[in-house]
> 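The structure's right below; bear with me while I get my questions together.
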Amino acid sequence: MIDPSSITALYLTLQLAVVSTLILLVLGTPLSWWLARTPWKGRSIIEAMVALPIVLPPTVIGFYLLLALGSEGPIGVLTAFLGIGSINFSFAGLVLGSVIYSLPFVVQPLQHAFSQLDDKQLEAAATLGASNADRFFSIAIPQAKKGYLTAGVLGFAHTLGEFGVVLMIGGNIPGETRVASIAIYDHVESMQYSQAHYLSATLLVISFLLLLITYVTQHKKREVSHVH
Amino acid sequence: MSIKVDISLLKQEFCLEAQFSVPKEGITAIFGSSGSGKTTLLRAIAGLEPNVIGDIEVGDESWLSSSGSTVATHQRSVGYVFQDSHLFTHLNVRKNLLYGFNRTARAQRRIIFDEVVTLLGIDSLLDKAVVQLSGGERQRVSIGRALLSSPQLLLLDEPMAALDNDSKSEILPYLERLHLTLSIPMLYVSHSTEEVTRLADHVVLIEDGKTSKYGPLLETVADMDSRLASQANAFGILEGKITAYDDDFRLASLDVGGVAFRIATNKIEINTSARIRVVAKDVSICLDKPDRTSILNVHQAKVVDIREYPLQGVCMVKLNVGNQSLLARISRYSYRHLGISVNSTVYAQIKAVALVH
């Protein structure tokens, strides 16, 4: 049977994924709105930076984060100044790592959704008395719903599978930083294949179901819009 | 109360210079050919164009002033009907209609939801998704949506341009009813002489980004100083009352200031007011009354103005018939040959009239 430490790891993973995804959706919204709407040519630099985690080995991100979070690093200095101390090897550090690691998976679908918005509908809303913020919440966000669903699922699923970054900055503290992917690695190392199976299969099923839901809802939407 | 616009705008290669003042009531048509800047002008009035400078006053509100103060679009009490309706795709018809209504202060709401819905005949559409609507239905909903924000000024950008003929004839009666029922002033952009003749009280003429003439419709289209009157498609509009209908010959009688026009048309109710549009090319001039002719309308007229266009070899003659203006486009040769001048009394032979009512 699945042992309690695996359950703890699984629970921690889900917690990390939920918190990171929520933070990403909140931070990703203004960033992707700006990327989708700014006429500034230099936005490509920002777009490339956002996309980096897709191609970089997670260990590279983890390594630089480790340095930044350390007592000499800029973030480490800041957290020390705030009296928190270093967030390396803590849940907070993992959240920060996940946010950076999964950023493109949230920003890109949102940016795509925002760039597909019909400007004329936003103009129509303005003539009907809606301010900038009002238009954003009453037109832009509801119309980008599909983008939010994709962004949420991808951000969540991608964070579930995080390994390299955690390994570098999180270590292996049960209940604090020992997430499912690390636990699987440990189980395999110590030849506990059945425990590795339980965890792996759980992650596999969760990820598959999440993606399935996304694709199914997207197809449904497409069918509806074909009715004229 | 009036609508005063005096603005300029440089947009890429295009320069808009608009200056006009029309009463803040009824329908004012902004009339010009495609690409003349009509839409840009309307967008500028709504505040949708950046970099507009000048003054826009609607009644006692200033929306833009040359001193630099500008009111944002969402704070201008404006309703805008776009060419392609641009309904909110994520909302159903009812929620589209209520979008502006809900954003209008209770005290400023002058338009009643049920009234608009009935007026535009959209009762049965309220719970539909906008993708299920036909082009004509969409445009009616879009007009309703704009009206329900109780605007001081309704701007319509060729609301029928994207529609087929059937949908057009479906919309026009609604627009006319609107005009009669609700006292919301409208600026109506159009390049269709038919729509303008039918709907407008006032007109602003625009060419190549510049407004030229503006004023009451009948006088302005026949203004000899306007570019319109110098063009091959110049026309005059006459207004009157249907006094009789002859079932046998299928002819209606239209009284224009005491002059009876005979108009071939389907059955029409008498005592209704109507307009006729007479293209200047369809009007010829005779010195003697031609009695034996197949032409239905030959009326005595007085010459009030003459303009020669030597390059085209033509001449535009402005005639007074029943105290209204009629344009005749004749050859320069005929003009010289007839020896007419201002104040001459002549006979205008009108080959064709288009009845709009």
Side-chain angles (χ1 to χ4, degrees), chain A residues 25 29 32-34 36-41 43 109-152 214 216-228, chain B residues 39 42-43 45-50 71-91 95-105 108-109 128-135 137-138 141-157:
Chain A
L25 287 176
T29 294
S32 33
W33 176 258
W34 178 78
R37 322 282 302 180
T38 181
W40 184 53
K41 299 242 165 37
R43 69 163 190 277
L110 288 184
Q111 187 186 340
H112 178 73
F114 287 143
S115 64
Q116 298 291 304
L117 286 178
D118 175 12
D119 280 341
K120 294 286 179 158
Q121 288 187 42
L122 293 171
E123 285 185 344
T127 65
L128 292 165
S131 65
N132 279 323
D134 187 354
R135 294 201 292 278
F136 182 72
F137 288 109
S138 66
I139 309 288
I141 290 206
Q143 293 199 0
K145 206 164 62 183
K146 229 159 78 175
Y148 273 94
L149 183 69
T150 310
T214 327
V216 167
T217 43
Q218 284 190 356
H219 286 299
K220 251 189 208 150
K221 288 247 174 66
R222 238 176 274 161
E223 277 157 29
V224 168
S225 63
H226 276 217
V227 182
H228 278 278
Chain B
T39 298
L42 214 58
R43 290 174 55 83
I45 294 172
L48 294 173
E49 286 291 337
V71 175
T73 297
H74 71 273
Q75 283 163 334
R76 298 186 186 191
S77 174
V78 72
Y80 201 116
V81 178
F82 296 84
Q83 235 179 71
D84 304 304
S85 56
H86 300 300
L87 296 176
F88 303 129
T89 43
H90 64 297
L91 300 175
K95 287 179 177 161
N96 263 279
L97 287 170
L98 288 172
Y99 190 91
F101 185 79
N102 290 336
R103 286 166 173 78
T104 307
Q108 262 140 46
R109 290 179 191 163
K128 284 196 176 175
V130 295
V131 288
Q132 294 174 288
L133 306 182
S134 72
E137 289 170 339
R138 251 173 233 235
V141 173
S142 153
I143 292 168
R145 181 178 69 172
L147 281 173
L148 281 164
S149 66
S150 296
Q152 288 289 318
L153 178 62
L154 186 61
L155 306 172
L156 300 110
D157 183 7

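In what follows, chains carry the letters A, B, and so on, assigned in the order in which the sequence lines appear, proteins first and then strands, with residues in each chain numbered from 1. Everything quoted here is computed from the prediction, not taken from an experiment. Quick note: numbers below take in every heavy atom, side chains included, and nothing from hydrogens, waters or symmetry partners.
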> May I ask you to test the A:Glu123-B:Arg43 pair for a side-chain heavy-atom distance under 4.5 Å?
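Yes, at least one pair of side-chain atoms sits under 4.5 Å.
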> If we ignore hydrogens and angles and just use 3.5 Å, is the side chain of B:His90 paired with the main-chain N or O of A:Ile141 as donor and acceptor?
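No, the answer is negative, given that no donor and acceptor are paired below the 3.5 Å cut-off.
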> A side-chain contact here means heavy atoms from C-beta on lying under 4.5 Å apart; do B:Thr89 and A:Asp118 qualify?
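B:Thr89 vs A:Asp118: side chains apart.
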> Which atoms of B:Leu91 are under 4.5 Å from chain A, going by heavy atoms: the side chain, the backbone, both sets, or neither?
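No part of B:Leu91 comes within 4.5 Å of chain A.
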> State plainly whether the residues B:Arg103 and A:Asp134 are in salt-bridge range, i.e. N to O under 4.0 Å.
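Salt bridge flag = yes for A:Asp134 with B:Arg103.
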> Hey, could you give me the OG1/CG distance between B:Thr73 and A:Leu122, rounded to the nearest 0.5 Å?
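One finds 12.0 Å between OG1 of B:Thr73 and CG of A:Leu122.
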> Does any backbone or side-chain atom of B:Arg145 lie under 4.5 Å from a heavy atom of chain A? Answer side chain, backbone, both or neither.
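Both the backbone and the side chain of B:Arg145 come within 4.5 Å of chain A.
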> Is there side-chain contact between B:Phe88 and A:Pro142, with heavy atoms separated by less than 4.5 Å?
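The answer is no; the side chains never approach within 4.5 Å.
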> For the atom pair NE2 (B:His86) and CD (A:Gln121), what is the distance rounded to the nearest 0.5 Å?
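Taking NE2 in B:His86 and CD in A:Gln121, the distance rounds to 8.0 Å.
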> Could you give the distance from OH (B:Tyr99) to OG1 (A:Thr127), rounded to the nearest 0.5 Å?
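With rounding to 0.5 Å, OH (B:Tyr99) is 9.5 Å from OG1 (A:Thr127).
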> What residue, out of B:Thr104, B:Leu87, B:Asp84, has the most heavy-atom pairs lying under 4.5 Å from chain A?
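Top count of heavy-atom pairs under 4.5 Å with chain A: B:Leu87.
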